[in-house]
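The structure presented is a predicted model; accordingly, all values stated were derived computationally and were not measured. Numbers for residues simply follow the sequence, beginning at 1.
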Amino acid sequence: MKRYLLLFVLTVICFSSCNYFYKQEDERKPIARVNDVYLYHEDMQHLFAENISEEDSIIRATNFINQWAAEQLLVDGAKRNLNDNKLKRFDDLAQQYKNELYSTAYLEALVTRNLDTVVTWQEAEAYYNENKDIFKLNEDLIKFRYINIDENRFELPDLKTKFTRFDEADKKELDSIAIQFKSYSLNDSIWIKVTQAIKKIPAVTTENKNELLKKSNFIQLKDSLGLYLMQIKDVLERNSLAPLEYVKPTIDQIVINKRKLELIKELEKDITKDAIKNKQFEIYN
């Protein structure tokens with residue numbers, strides 16, 4: 001008897017709670033209705049920015065309401081006119097998509113927390129040596145430095161000497177006066193694409209661009225912007241093996257992606273094992 005009484009009390013509480021929330025929902029003032037579905041002001045809050053005019057707000061709200069109504073009417077029409085098998089298939093697809101969104105978001109959060117994103121030089125070098133065939137250049141690379149100056153500078157001969165010799169003292173001095181150059185790049189220790197060099201230097205044309213592919217070549221070009229002094233330090237032509245320092249960012253991404261896939265598999269196994277251990281997951285014979 002006590003058991004039935006308890007069940008009755010719980011049932012009353014449940015219905016009272018449902019009725020309370022139903023009343024709470026009813027207290028909201030609807031903006032529009034399509035059959036039994038209502039659109040409330042809260043559903044449209046995202047439409048209104050502080051800097052939007054009243055006229056634009058009305059237009060935006062009207063468009064949203066009309067689009068919402070059309071969507072609801074189409075859904076109702078689909079429910080009335082499509083057969084049960086097709087509706088069930090759509091419901092299953094929607095549930096599957098929802099599950100995938102949840103599981104993917106949760107896995108991403110776990111991966112972000114646990115993934116090691118540091119790739120050492122030794123790791124990158126090992127991957128590079130094992131996969132050299134995939135690191136062939138598809139365009140020319142160079143190491144070079146350049147300065148763009150006024151050709152009428154009185155100290156031009158001295159400047160050329162320091163630019164071509166480029167010992168430690170020359171580097172420091174050129175760097176200290178670099179603010180006087182129209183444009184420049186004195187870092188000749190990194191590989192860049194020849195196309196990037198051409199973009200930097202308008203005086204390079206289709207006729208003289210091959211001068212950039214001659215190692216240790218000193219180039220002097222002139223245009224309306226002034227005089228360009230260029231020193232080619234090193235060259236790697238198309239189809240050559242790309243240097244490790246040039247492709248390391250790509251290798252880092254490859255290694256991290258591999259780690260990510262391995263970590264996801266490991267996490268999925270651990271989650272399943274824990275669920276079995278805690279009796280959250282069972283397979284019935």
>> I'd like to know if the side chain of S240 reaches the main chain of L236, judged simply by a donor and an acceptor atom lying under 3.5 Å from each other, with no hydrogens or angles considered.
In response: no
>> For H41 and F48, take the angle between the two ring planes, folded into 0 to 90°, and tell me which bin it lands in: parallel under 30, tilted 30 to 60, perpendicular over 60.
In response: parallel
> In a check of side-chain contact (heavy atoms from CB on, under 4.5 Å) between L213 and each of V235, L141, I232, which one passes?
Replying inline: V235
> Does the side chain of E207 come under 3.5 Å of the side chain of T205 through a donor N or O and an acceptor N or O?
Replying inline: yes
>> Under 4.0 Å between a side-chain nitrogen and a carboxylate oxygen: does that hold for D167 and K171?
In response: no
> Quick one: does R145's side chain have a donor or acceptor within less than 3.5 Å of a partner on F163's backbone?
Replying inline: yes
>> The test is side chain to side chain donor-acceptor pair (under 3.5 Å); show your working for T161 and D158 and say whether it passes.
In response: CA-CA 5 Å; T161 300; D158 183 50; 5.3 Å; no
> Any chance the side chains of N217 and E211 put a donor and an acceptor closer than 3.5 Å?
Replying inline: yes
>> Can you tell me how the ring of Y146 sits relative to the ring of F144, calling it parallel under 30°, perpendicular over 60° and tilted otherwise?
In response: parallel
>> With heavy-atom distances below 4.5 Å as the criterion, would you say the side chains of D252 and V118 are in contact?
In response: no
>> Just to verify, what does E173 make a side chain to side chain donor-acceptor pair (under 3.5 Å) with, not counting sequence neighbours?
In response: K162
>> Is a donor from one side chain sitting under 3.5 angstrom from an acceptor on the other, for Q95 and N99?
In response: yes
